[in-house]
Amino acid sequence: MANPLYQRIIDEFFGASPYDGLETTAVNEPAQGWASDSPVFETLIDEYLPTTIIEVGTWKGASAIHMARLATRHNPNSLVICIDTWLGSAAHWTDPTERVQLGLKQGYPTLYYRFLDNVVAAGLTEHILPIPLPAASALAVLSQVEAVGDLIYIDADHDAMNVYSDVSGYWPLVRGGGAMFGDDYLANWPGVVKSVNLFAEKNGITLGTYQEKWLLRK
């Protein structure tokens, strides 16, 4: 692995690759996501040519896989670091039609293993590395290895307070000259709109939008 951050995270926290010895748990299940193939991914990756992308909120890996494929076209050492608990949201637990997505086993979600399966199937295990922690806790992990992202993609919690926490917490990890962007800048997700607007206003940053995506350049 040519990207030294990949091995640093494994050595510091995992001890071995999370893909080692993986037993397949999902059969022919696609890497599901929402707006995961938006043209904005290719536009920003072509512009910034990132070595490191940090994704906060991953689900089954569709956007991470898409970004890794785009990034490695320019830079074979590109790495996507994925931050998620893989436990689902309250909506997934309270809605029976959504709960099935969690793949509960002994009452515990198996989403993390579905994500790993999808990365393996995509042939991107050397370019996508998960950190299965809440966003706030993962900040301490990334800070310990002095990680920064050329691009940081926010698509986790949609509650206003938590969105603001993710945006403000991860903004210092955006490399100078890089950018942060995110999903669900839509009227039906008022918490996202409110929090992104507030952060941009408080910090004097011009807010850009592209369909359902928002963008802050550093």
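- A distance-only check finds a donor-acceptor pair linking the side chain of T72 to the backbone of R69 [under 3.5 Å].
- Residues D84 and Y112 form no side-chain contact, since every pair of their non-hydrogen atoms from C-beta on lies 4.5 Å or further apart.
- Annotation: side chain of W189 is not in contact with side chain of V163 (no heavy-atom distance under 4.5 Å).
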Worksheet item: Are K60 and D117 close enough, and set up right, to give a salt bridge (Lys or Arg N to Asp or Glu O under 4.0 Å), and what steps lead you there?
Response: CA-CA 9 Å; K60 297 178 186 177; D117 289 341; over 6 Å; no
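- The nearest pair of heavy atoms linking E55 to A64 is OE1-CB, 3.4 Å.
- Here the CG-CD distance, from N203 to E201, works out to 10.0 Å after rounding to the nearest 0.5 Å.
- A donor-acceptor contact shorter than 3.5 Å is absent between the side chain of H74 and the backbone of L49.
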Discussion item. If you apply the rule side chain to side chain contact (heavy atoms under 4.5 Å, CB included), what do you find for E42 with M67, and how did you get there?
Written reply: CA-CA 8 Å; E42 185 168 13; M67 287 191 288; over 6 Å; no
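- With rounding to the nearest 0.5 Å, the separation of CG in D155 from OG in S63 is 6.5 Å.
- Linking Ile, Leu, Val, Met, Phe, Trp and Tyr residues whenever their side-chain heavy atoms come within less than 4.5 Å leaves Y170 and M161 in two separate clusters.
- What you find for V56 and A135 is that their closest heavy atoms are CG1-CB, 3.8 Å.
- Between atom CG of residue D159 and atom CG of residue D166 there is a gap of 10.0 Å, rounded to the nearest 0.5 Å.
- With sequence neighbours excluded, the residues that form a side-chain contact (heavy atoms from CB on, under 4.5 Å) with S137 are L133, P134.
- The shortest side-chain heavy-atom distance between L215 and T209 does not fall under the 4.5 Å cut-off.
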Fill in: Derivation of the side chain to side chain contact (heavy atoms under 4.5 Å, CB included) call for L142 and I83
CA-CA 10 Å; L142 293 175; I83 308 299; 4.2 Å; yes
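- Taking 4.0 Å as the cut-off between side-chain N and carboxylate O, K213 and D184 do not count as a salt-bridged pair.
- By the 4.5 Å heavy-atom criterion applied to side chains, V196 and Y164 are not counted as neighbours.
- Rounding to the nearest 0.5 angstrom, the gap separating the OG1 atom in T125 from the CG atom in L116 is 10.0 Å.
- Two residues are said to be in side-chain contact when any heavy atoms from C-beta on lie closer than 4.5 Å; V148 and V174 fail this criterion.
- Proximity of a side-chain donor or acceptor of D20 to a complementary backbone N or O of A16 within less than 3.5 Å is not detected.
- Of the options I152, I45, D150, L79, a side chain to side chain contact (heavy atoms under 4.5 Å, CB included) to I53 is made by I45 and by none of the others.
- Aromatic ring centres of F115 and W86: separated by under 6.0 Å.
- Between T52 and N3 the shortest side-chain heavy-atom distance falls below 4.5 Å.
- At a threshold of 4.5 Å between non-hydrogen side-chain atoms, the residues D183 and E212 count as touching.
- One side chain, R217 or Y48, offers a donor N or O that lies under 3.5 Å from an acceptor on the other.
- For the atom pair CD1 of I54 and CZ of R175, the computed distance is 9.0 Å after rounding to the nearest 0.5 Å.
- Nearest heavy-atom pair across L129 and Y6 is CD2-O, 3.8 Å.
- Centroid-to-centroid, the aromatic rings of F199 and W171 come within less than 6.0 Å.
- Under the 4.5 Å side-chain criterion, counting only non-hydrogen atoms from C-beta, Y19 is in contact with I128.
- Here the closest non-hydrogen pair linking P130 and P18 is CD-CG, 3.9 Å.
- When all heavy atoms are compared, the tightest approach of L216 to A200 is CD2-CB, 3.9 Å.
- Ring centers of F181 and Y210: at least 6.0 Å apart, outside the cut-off.
- Heavy atoms only, all atoms of each residue included: V167 and M180 are closest at O-CE, 3.6 Å.
- Between Q144 atom CD and I9 atom CD1 the span is 11.0 Å, to the nearest 0.5 Å.
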